Amino acid sequence: MKKITALFFALFYGLITLLTIVFAALFKEHYIAIIAGYFVVMAIAVVLNIILYQQIKKRKLDMHKEIVTSIFDKMETMAVLWNEDFSQTFANSTLAHSTGFSIEELKNKAVLEKILPDEAFSKDGARTLISKKDVHKIVYNADGTQTEIVWNTSLIEGFEGKPVYLSVGIDFSKTSDMEKKICEFSNDLAETQRRYSLSMELSEIGLILRRGGSNKVFVSQQFKNMLGIDGADVMHVDELKEKIHPSDRVLFENYCEIDADSADSHKIHDIDLRILSADGTYHWYSFRYKVSRDDINGDINIGGAIIDITKEKEKDSLIEKMAYIDEVTQIYNRNRFMMIGQETLECSLDLNLSYWVIVLDIDQFHIINDTCGYENGNNLLKDMAITILKNLTLGGFGARIGGDNFALIVKDDGDEELPVKIIKNIQDDLSKLASGIYANQTISCSAGYCKMPDGSDNFAKVLDHAEFALSFADDSRGTITRYDLKMHDAIIAGNNLEKELALALDNNELVLYYQPKINLSNGEIIGMEALIRWIKPDGTIVPPGAFIPVAESSKLITKISDFVMYEACRQNKEWQDEGLPKLTVSINLTSVDFYQTDIKETIHRVLEETGLEPKYLEIELTESLALKDIEQAIHQMKELKELGVKLSMDDFGTGYSSLSYIQVLPITLLKLDRSFIMYLEEDEVSREIVSAVIKIAKSKKIETIAEGIETVGQAEILKRSGCDLAQGYFFGRPMPAKDFKEFLKSKMPIEV
Ligand code: C2E
Ligand code: MG
Ligand code: MG
């Protein structure tokens with residue numbers, strides 16, 4: 001700027017001089033006047049120039065002062081600008097406000113003497129002030145009060161070349177207040193921490209802290225004391241998991257699974273766990289944890305407090321034992337399983353996790369119970385419980401949920417084959433148990449399983465699914481069935497069939513066919529088996545195998561059996577009354593019918609109503625039916641026998657019963673299953689078995705009947721083996737009552 005101004009003035013003076021020379025040359029006769037004029041103009045220009053320069057300088061100075069004043073006023077600390085003779089002083093409004101003097105008053109040296117350090121007013125004092133730091137001054141304020149100000153002075157570029165000093169003051173009383181507060185605060189903090197540690201120690205609460213998604217947990221000293229362990233405050237989560245009791249790991253895994261992706265509802269999770277102490281014992285702990293999100297960085301923090309509740313658990317253990325522990329196996333029972341299952345289902349929904357629910361059934365447990373004794377039966381249940389716990393190492397929960405049924409909950413690790421692997425491991429372990437105590441019986445189990453959550457709103461439904469899958473595996477050993485929706489379809493189809501069947505019963509579409517039973521020694525007809533048929537209006541004949549199982553799973557079976565009982569007795573009595581030979585009619589009962597407590601009364605009533613003598617009625621019970629509950633079966637059979645009816649064991653040989661076991665049942669007839677008869681002619685082993693069974697039965701005064709005889713060869717072998725009776729297509733197919741009557745009328749003994 002300065003350069004441009006100088007250039008302007010140089011050009012201006014040069015131009016005037018040039019014009020003067022030009023005019024002087026052109027008007028030579030007036031050159032004196034022209035030169036005189038030149039000097040006048042130049043003199044005026046110089047004067048104007050000086051005035052202009054002074055004004056610009058003054059404006060700059062004013063601006064400078066304005067800026068400094070403005071900055072000063074905005075400063076929150078007290079400040080004074082001063083020169084050595086105090087002819088130029090500026091104090092800011094903070095100082096004015098603090099001391100009570102006006103800014104104008106503060107220009108006065110006498111006033112400043114009350115405020116600035118004494119050194120500022122002595123010779124060379126300013127230099128002393130600059131070299132010193134934090135010079136204290138007791139200031140006398142306008143209102144007579146005192147303030148201690150700490151001044152710091154520095155030299156700044158002066159106005160008009162003279163040194164100017166800046167003194168900045170801080171109200172010491174406020175600073176010391178703050179210092180006091182900081183001090184008090186730290187003391188409070190230390191006290192709080194001390195109290196906190198003390199309360200933690202006294203309340204015996206251990207802390208476990210973890211950041212979401214991290215594998216490291218911070219464990220407090222108190223927690224380490226509880227477990228009796230030393231070591232670092234940071235543990236790997238797996239190290240901690242190892243210490244959790246296998247049965248409780250599934251609960252702890254929910255805690256381990258929480259990571260940054262798990263949005264949380266600030267719910268407090270409360271679980272009871274057993275954790276292994278350094279002395280090798282498990283203690284019970286109540287573990288309460290909460291997931292929270294850091295407002296600033298969004299991190300997930302999981303804070304957990306843990307208390308030793310072993311004593312409380314011990315107190316409750318008796319009640320707990322009765323309520324939740326299975327007496328025989330000492331593992332959890334169904335009640336506890338349902339509770340844990342429900343909690344796990346809720347966790348799985350909250351935390352987006354999945355689990356497997358597995359139900360296991362010991363195959364043919366009744367046989368072991370009955371042939372090896374009650375005590376050994378219990379031993380097998382205990383062995384099964386141990387096997388289950390042993391196979392829970394992947395984390396999970398096991399329980400005996402009833403009879404020979406056990407159940408497990410296992411965390412899904414992404415491997416769809418996991419439940420099958422666990423079940424197979426259990427089966428392998430069980431098969432090794434077939435030692436002397438179980439009379440070398442093959443010990444196996446079948447299983448049904450499903451994944452959770454599966455859309456069910458409560459755990460009972462989930463368990464139903466697994467149990468339903470198991471029921472698909474009921475009849476064969478070692479079957480593993482996964483529940484799937486097709487099973488639902490089967491249920492729906494069953495439901496439809498059930499409805500149709502109910503209508504069929506009302507519409508008299510159910511009829512009885514009769515198949516003759518023959519005395520093998522003389523070929524005489526001694527009786528007939530009533531076999532049900534569903535004859536649809538279009539003439540289609542539905543065999544019993546297609547609808548009896550459906551009826552069995554609903555109340556319909558009772559109605560059907562009532563019909564069969566009544567109709568078979570009525571028909572038999574009618575034929576007897578018509579003068580036909582007096583025969584025995586046999587009917588088939590399901591376990592639903594048989595285990596009804598009023599079965600004796602029902603049959604008695606039917607016999608009364610139809611007038612048939614009890615000895616002409618025979619009840620066929622299957623082997624598997626009797627094995628379901630042997631003690632009850634014996635009781636019910638005795639009841640029926642008291643009525644005077646005959647009892648026969650149907651389908652003998654299809655199950656796993658042994659003859660010695662059959663002997664305890666009060667039966668009069670043993671019906672060899674068709675599967676024995678089919679290969680009699682070509683299979684030596686079948687012949688030997690049939691012959692041995694007949695001999696043993698005879699020795700026990702039990703008659704034998706062979707069913708499914710289709711050839712004369714089979715009939716001959718059976719006759720030679722001493723079999724008493726026979727039934728099969730070879731002698732006569734099941735036929736409608738009208739046809740059977742004709743068959744009977746012909747009274748033709750069939751010679752063998
Ligand atoms: P079951 O009591 O063992 O009846 C014998 C079955 O073998 C009958 O089948 C009969 O038709 C069939 N059968 C008889 N002789 C021969 C033969 O020489 N060769 C072949 N291949 N089969 C022969 P059905 O009538 O289909 O009955 C099947 C099963 O249904 C019966 O087995 C019985 O368990 C059940 N059942 C039949 N009627 C009733 C009933 O009224 N109530 C109940 N609860 N179950 C019934
Ligand atoms: Mg039968
Ligand atoms: Mg049979």
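Nothing here was measured: the structure is a model prediction, and the numbers come from that model. Atoms within each ligand, like the ligands themselves, are counted from 1 in listed order. Note that the numbering runs from 1 along the sequence shown for the chain.
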### Salt bridge flag under 4.0 Å for residues Glu684 and Arg687
yes
### Task
Flag the pair Glu742 and Lys738 as a salt bridge only when some basic side-chain nitrogen lies within less than 4.0 angstrom of an acidic carboxylate oxygen.
no
Proximal ligand 1 atoms for [X], defined as those under 4.0 Å from one of its heavy atoms:
| X | value |
| --- | --- |
| Gly708 | 15 (N), 16 (C), 17 (C), 18 (O) |
| Glu707 | 3 (O), 5 (C) |
| Val564 | 41 (O) |
| Asp651 | 3 (O) |
| Thr590 | 44 (N) |

Just distances here: any N/O of [X] and N/O of ligand 1 closer than 3.5 Å?
| X | answer |
| --- | --- |
| Glu529 | yes |
| Asp593 | no |
| Ala530 | no |

### Query
Who gets closest to atom 28 (C) of ligand 1 by heavy atom: Pro543, Pro544, Pro734?
Pro544
### Summary
To atom 45 (N) of ligand 1, the nearest of Ile557, Asn588, Ile677 on a heavy-atom basis is Asn588
Taking the side chain from [X] and the backbone from [Y], do they hold a donor-acceptor pair closer than 3.5 Å?
| X | Y | value |
| --- | --- | --- |
| Asp326 | Thr329 | yes |
| Glu509 | Pro537 | no |
| Thr540 | Lys536 | no |
| Asp593 | Thr590 | yes |
| Glu567 | Leu512 | no |
| Ser446 | Gly478 | yes |
| Asn333 | Arg336 | yes |

### Task
Could you tell me whether atom 6 (C) of ligand 1 has a protein heavy atom closer than 4.0 Å?
no
### Message
Checking contacts now, so for atom 19 (N) of ligand 1, which I'm interested in, is there any protein heavy atom under 4.0 Å?
### Response
yes
Mark the output for [X] as yes if a heavy-atom distance to ligand 1 is under 4.0 Å, and as no if none is.
| X | value |
| --- | --- |
| Glu552 | no |
| Glu710 | yes |
| Lys671 | no |

Considering only non-hydrogen protein atoms, determine which one is nearest to [atom] and report residue, atom name and distance to 0.1 Å.
| atom | result |
| --- | --- |
| atom 8 (C) of ligand 1 | Leu531 CD1, 3.9 Å |
| atom 13 (N) of ligand 1 | Tyr729 CE2, 3.8 Å |
| atom 1 (P) of ligand 1 | Asp650 OD2, 3.7 Å |
| atom 38 (N) of ligand 1 | Ile532 N, 3.1 Å |

### Message
Both conditions, 6.0 Å and 45 degrees, for the charged tip of Lys573 above the ring of Trp575: are they met here?
### Response
no
### Query
When you check the side-chain N and O atoms of Gln727 and Lys671, is any donor under 3.5 Å from an acceptor?
yes
### Message
Can a side-chain donor-acceptor contact be found between Thr584 and Glu618 if the only test is distance below 3.5 angstrom?
### Response
no
### Query
Which distance, rounded to the nearest 0.5 Å, do you find between the CG of Leu612 and the OH of Tyr566?
11.5 Å
### Summary
Going by the 4.0 angstrom heavy-atom rule, the piece of Gln515 near ligand 1 is side chain
#### Entry: Part of Ile560 with heavy atoms under 4.0 Å of ligand 1, whether side chain, backbone, both or neither
neither
### Query
Parallel, tilted or perpendicular: which describes the rings of Tyr483 and His465, with under 30° parallel and over 60° perpendicular?
parallel
### Query
In terms of ring plane angle, is the pair Trp356 and Tyr449 parallel, tilted or perpendicular, where the classes change at 30° and 60°?
perpendicular
### Task
With the Mg ion (ligand 2) as the centre, enumerate protein N/O/S atoms below 2.8 Å in chain and residue order.
Glu529 OE2, Asn588 OD1, Glu620 OE1, Asp650 OD2
### Message
I want to know whether Tyr514 and Phe743 have ring centres closer than 6.0 Å.
### Response
no
